[in-house]
Amino acid sequence: MPVVNVLTDGIGEVNLRDIDVYRNRGGYAQWQRALTELQPENIAQMTSDSGLRGRGGAGFPTGRKWSFLPKNGRPRYLVCNCDEAEPGTFKDHMLLLETPHQVLEGILLGAYAIGSHHAFMYIRGEFEQGYRVFMEALAQARAAGFVGQNVFGTDYGIEVTVHRGAGAYICGEETALLNSLEGKRGEPRLKPPFPAVKGLYGEPTVVNNVETLATLPHILKNGPQWFASVGPPRSPGFKIVSVSGHVRRPGNYEVPLGTPLRELLEIAGGPREGRTIVAVQPGGGSSACLFAEDLDLPYDFDTMAQHGTMLGSGAIVFFDETTNFVEAALALVRFFAHESCGQCTPCREGGHWLEVTLNRILSGGGLDSDIDLLLSVSHQLTGINLCPLGDSIEPFLASVVRRFEPQFRGYVRRPESILVSA
Amino acid sequence: MTEAGPPQSVSLTIDGTPVTVPAGTLVVEAAKTVDTDVPVYCYHPKLGPAGLCRICLVEIERLPKLQIACNTPVAEGMVVHTHGQKVEDGRRAVMEFLLLNHPLDCPICDKGGECDLQDFSMAYGQGASRLADAKASKPKALDLGPTIVLDDERCIVCQRCTRFDDIITRERSLVVKDRGQRDVIATASGEPYRSNFSGNVTELCPVGALTSKTYRFKSRPWDNHRTATTCTQCSVGCQLFVDERYGTIARTMSVPSDDAISDGWLCDRGRYNIGFYADARRITAPLLRRGEQYVQIGWDDAVEAWAAGLRDALGAAGPQAVGVLGGGRLLNEEIVLLVALMQELGVTNLDWRAGRQRQATPGRYAGTYAELEAAQLILAVGRPPSQTAPVLDLRIRKAVSQRGARYVTYGGHAAGSFVGVTPLRSADDVENVLSGVERVAVVWDGIDLELGARLASAIDGWVARGVSVTTYLSGEANNARGAEALGMVPRSGGLPFTGMLDAAQNGRLRSLSIFGANPVLHHPLGGASVANALERIPFLVVSELFLTETAQRAHLILPARTGFEKAGHVINLAGDVLPVHQAHAAPPGTLADGDMLVALAAELAAEVPGPEDVLARATAALPAATHGFGDAAYSEGVTASKSDGMAAGKPGGGGLRIAVGSDIFAGGGTIWFDETLAELRPDPAATLSPATAARLDVHIGDRLDLLSSSGDDSLQGLVVRIDAGAPDDVVAVIDGLPEAPANSFADGDNVVLGARRAADALEPALVLP
């Protein structure tokens, strides 16, 4: 089994919330090394060389993202995105709860690498306990002198400000997150300008995911080649996947990228007794489904993209043959319609329309034309929105409507549907 | 990179036409240079791109997805297609979404006929809706505030209104509430939407979601007859459209292209104070006093009586026994005629100053609005322009928020400007904020001449050390600057109005003609003194729209015409000569003041210039001002202010001083006689700081009387308000309220508390038998 313990090392075995425990296992050694031995450019170069791609969903190369910051002498900010709300994803919450110091060390390294003296931690509103855990970790690190002025006796100073969201999915989108951080309504900003140029409080800003940042101490410790040599060349390294759905042992598993989906299914205990997996949503609620014949595909960014879906945040949901895909489609469509900030037209209206339509189909009022309507509406609302939320509706819906059309037809053709056919 | 060269230009192709535009231009703007039409809802040139509605999709070659024209800057060699199958498909999709839950109630919607949603539906909409379910229901006919009604079902959430309230007015009370398909427009506080600029959101609204209470269900655009004219409410001189429907004025609208003066906006006074012309209390026939009563007479008799009265006075005591007051509310042509006629009669007692303002000419540093906007430091001395010249204040907000200007005030009044403002307390403070500043704009209210003189000499000092200074005088009356420029000032040896009142008291003024002025309510000598003097004049003539406090004292009342009902010119505070066009037929029985004067001249057989001469003089460009702004060109004995505003030291004695301020909806004439404004007129209020209220033991809602320190004058029944930002030991009141006239009080006067009544004493107590 290819399960590894890199970011997850020690979880469930020792109390990593205790700074002494974390330090005894090598924690904050890379932070000390960075400040006393390395220049920010060294860390940026190592991150680039490692090939690390963002773990939040978009999979953008982290080193390249940092390189977009203009060298204009303005203050810069690093923001850690811990608004994890993609349906099916629960890895960042685990890291926050179980290894808060590892997350903090990653934040500090990232901030130092981009030349920032003020980092922000944006924690999803619902993560009440994670917030408390992180605040305690931050207090311990501050007391130990790892955060504040003249860290390790150098002239480098860093502040970390923690902010809690109010429970909006859209605030995981980086510009909505920045608005929320500034105390504004949590809705995405128009781009350009991009955050790297004009981000938090109008200054150059990098927003990185929790897992992305937590990976940094390991790349520093083991070197970029160690990381780059794992998995496919363009999707290197380890990834925590959140496996759920019709498996026997749902949970977070850390694996090398490129592990076949079937193997991931086995790691999570395989299908329930006597059941067969018919579909898998491999990259969170925004991704299109793959099906039984796709299970041997390696799980990496590029393979997923080549097959019309995405790796996303690494949330994998397996569906067996007992699944009602009309209800599943409604669950996701309802989620996106509910979470639409409402500022741009296609997402606001289209999501709501699809929800109303699916509700009607499920309550026996489906029309023959509804199947085409679902496909047509979800397609025409895609690609013309301000942010990716609107574009997140079509992939799953269209993939299951096409694959499991008889299920949808079955609802439409139920005798009860005569109620509305007049 | 070129150094300090002209702005770089970019060449691109739009619909096959090569165009060259400055770098940074947005595709939506670049498209305007070729003959194409990119539809927009949320985009507005003055609000910038928002990227919300998504209707402006265009195809840009080599980009896989459609792009929004409103937020895509041009690039060298870019090839843009604003039409074509892909673009039409995208727009059709957006249109379908926009119309999905829209009620399509065009036949009963005020916007019908001038609605972008309607127009683009014709271009991109589908004949039938694919929605098989009920449309989402949202609040309708929602009372958003005293001026605006909101229909959330019609709203397409383009956020033009919220962005106007954020970017332009900086007031930030309008927000989008809730999210997704449930989102609605609301105020952040939940309180009514109140702003001096609220009406602009009804024009910005591309659909019928925001409508004006005064225009709802009143007309359809195709029934309106539109006239472009100049607003005559204040001295800014905004250009506006008056829409008339079968003999009634339906509404006024801004002129979006009027960048130089209004910047495309209107204040609510200019927009909504239009109902007065049709008020039932309007005078529509000349009225002659017979004992205690007025009788209606014809115009021939009125002009004859007027001429006879003048002849009697001239015959008995010569031209020095005759006076004229007014001009600030007249047209240039009328002022020219008035001045010429009086010159012909030898009358030198002329004055336009019926209120507090002493001067209207901004002196030799007179500036344009563009120069005000470009200033690094804006200094408002006396009453700031937020209430007296609202659209000028909007430009100050723009200078501060978009150009980084600093705004400071001197004189103890709250700026009411919704941008950062620093109140300065001393002349030293003023000098300090000037250090390092190259461009200064000074706005003065023209009230305290002594303060103005000190200001003028300070400005000379700044100019001497190389600071570029522009000066502005915000007038109390819309054409104060015209009246002053065209000669409605005391002629050689003539009396200013205060002198005329003295002469009246002594029986030496035998005839006074007043044109569109109400000194009983506005002159700083106070209503009782002015009325007393006026009542001693044997022949008082007042040309007015209504029976004002002043007109009620007249022997002969002449029914005048409103600014909508006559044509001519006015001069705004920036010195622009602006046309006033007749937008509405005047009620029978009324005459424009100019026509009255022509008739009077004929009756008196006096020579006045002919129409061409009058027009030439009325429209001549103003010569560069050489005087004004604090100099003593034609000053007079009485100044309104007894001290340097609130900048004076600690109050003595009872410890309470008064600050008299303005409100755009305070006034006795067009405001008082406009019932549509009932909700907007301010209550007579006394505003105190919390500490002062505590010291005086008064509470919010209490009623109190204020007495001048001599006890001669009083302000009665003021409602107590508490404002945490108010200075201590100062009670702020509003000028020009007929029910509580404050004109005998000047900034800095000591006042004492008179009677007070607890708030709950106002409610009738429930007493059970």
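So that the names make sense, note that chain A is the first sequence line, chain B the second, and so on, each numbered from 1.
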If I measure from the heavy atoms of chain A, does Ile55(B) come under 4.5 Å with its side chain, its backbone, both, or neither? neither
Give a yes or no on whether Lys177(B) atom NZ has more than 12 heavy-atom contacts from other residues, nucleotides or ligands under 6.0 Å away. no
For the pair Glu128(A) and Arg164(A), find out whether any cationic side-chain nitrogen is under 4.0 Å from an anionic carboxylate oxygen. yes
Toward chain B, the part of Glu339(A) with a non-hydrogen atom under 4.5 Å: both
At a heavy-atom separation under 4.5 Å, does Arg348(A) approach chain B through its side chain, its backbone, both, or neither? both
Cut-off 4.5 Å, heavy atoms of chain A, and the answer for Leu100(B) is side chain
So which residue, Val157(B), Leu131(B), Ile156(B), Asp133(B), ends up with the most heavy-atom pairs under 4.5 Å with chain A? Asp133(B)
Quick one: what part of Gln67(B) sits under 4.5 Å from any heavy atom of chain A, side chain, backbone, both or neither? neither
When Ser376(A), Ala337(A), Ser369(A), Pro346(A) are compared by non-hydrogen pairs under 4.5 Å with chain B, the top option: Pro346(A)
Compute whether any side-chain donor of one residue and acceptor of the other, for Ser195(B) and Asp165(B), lie under 3.5 angstrom apart. no
Could you tell me which portion of Ala134(B) (side chain, backbone, both or neither) has an atom closer than 4.5 angstrom to a non-hydrogen atom of chain A? neither
Check whether Arg182(B) gets within reach of chain A through its side chain, its backbone, both or neither, counting any heavy atom under 4.5 Å. side chain
Which bit of Gln159(B) is near chain A, if near means a heavy-atom gap under 4.5 Å: side chain, backbone, both or neither? side chain
Check whether the ring centres of Phe408(A) and Phe325(A) lie less than 6.0 Å apart, and answer yes or no. no
salt_bridge(Glu153(B), Lys138(B)) N-O dist < 4.0 Å: no
Are Glu96(B) and Arg91(B) within salt-bridge range, i.e. N to O under 4.0 Å? no
Check this for me: does any side-chain nitrogen of one of Asp302(A) and Arg53(A) sit under 4.0 Å from a carboxylate oxygen of the other? yes
Let me know if Leu381(A) has heavy atoms under 4.5 Å from chain B in its side chain, its backbone, both or neither. both
Is Lys65(B) salt-bridged to Glu59(B), cutoff N-O under 4.0 Å? no
What part of Pro49(B) lies closer than 4.5 angstrom to a heavy atom of chain A: side chain, backbone, both or neither? both
Are the side chain of Arg397(B) and the backbone N or O of Thr169(B) linked by a donor-acceptor pair below 3.5 Å? yes
Region of Asp89(B) in contact with chain A, defined by heavy-atom distances below 4.5 Å: neither
So which of Ala168(A), Cys347(A), Gly186(A), Pro192(A) has the biggest tally of heavy-atom pairs under 4.5 Å with chain B? Pro192(A)
Would you call Arg92(B)-Glu88(B) a salt bridge at under 4.0 Å N-O? no
Arg154(B)/Asp105(B) salt bridge by N-O under 4.0 Å criterion: yes
Give, as side chain, backbone, both or neither, the part of Asp183(B) having an atom under 4.5 angstrom from any heavy atom of chain A. side chain
Please flag which part of Asp370(A) lies under 4.5 Å from any non-hydrogen atom of chain B: side chain, backbone, both or neither. neither
Using a cut-off of under 4.5 Å on heavy-atom pairs, state which of Val176(B), Leu66(B), Asn101(B), Leu57(B) scores highest against chain A. Val176(B)
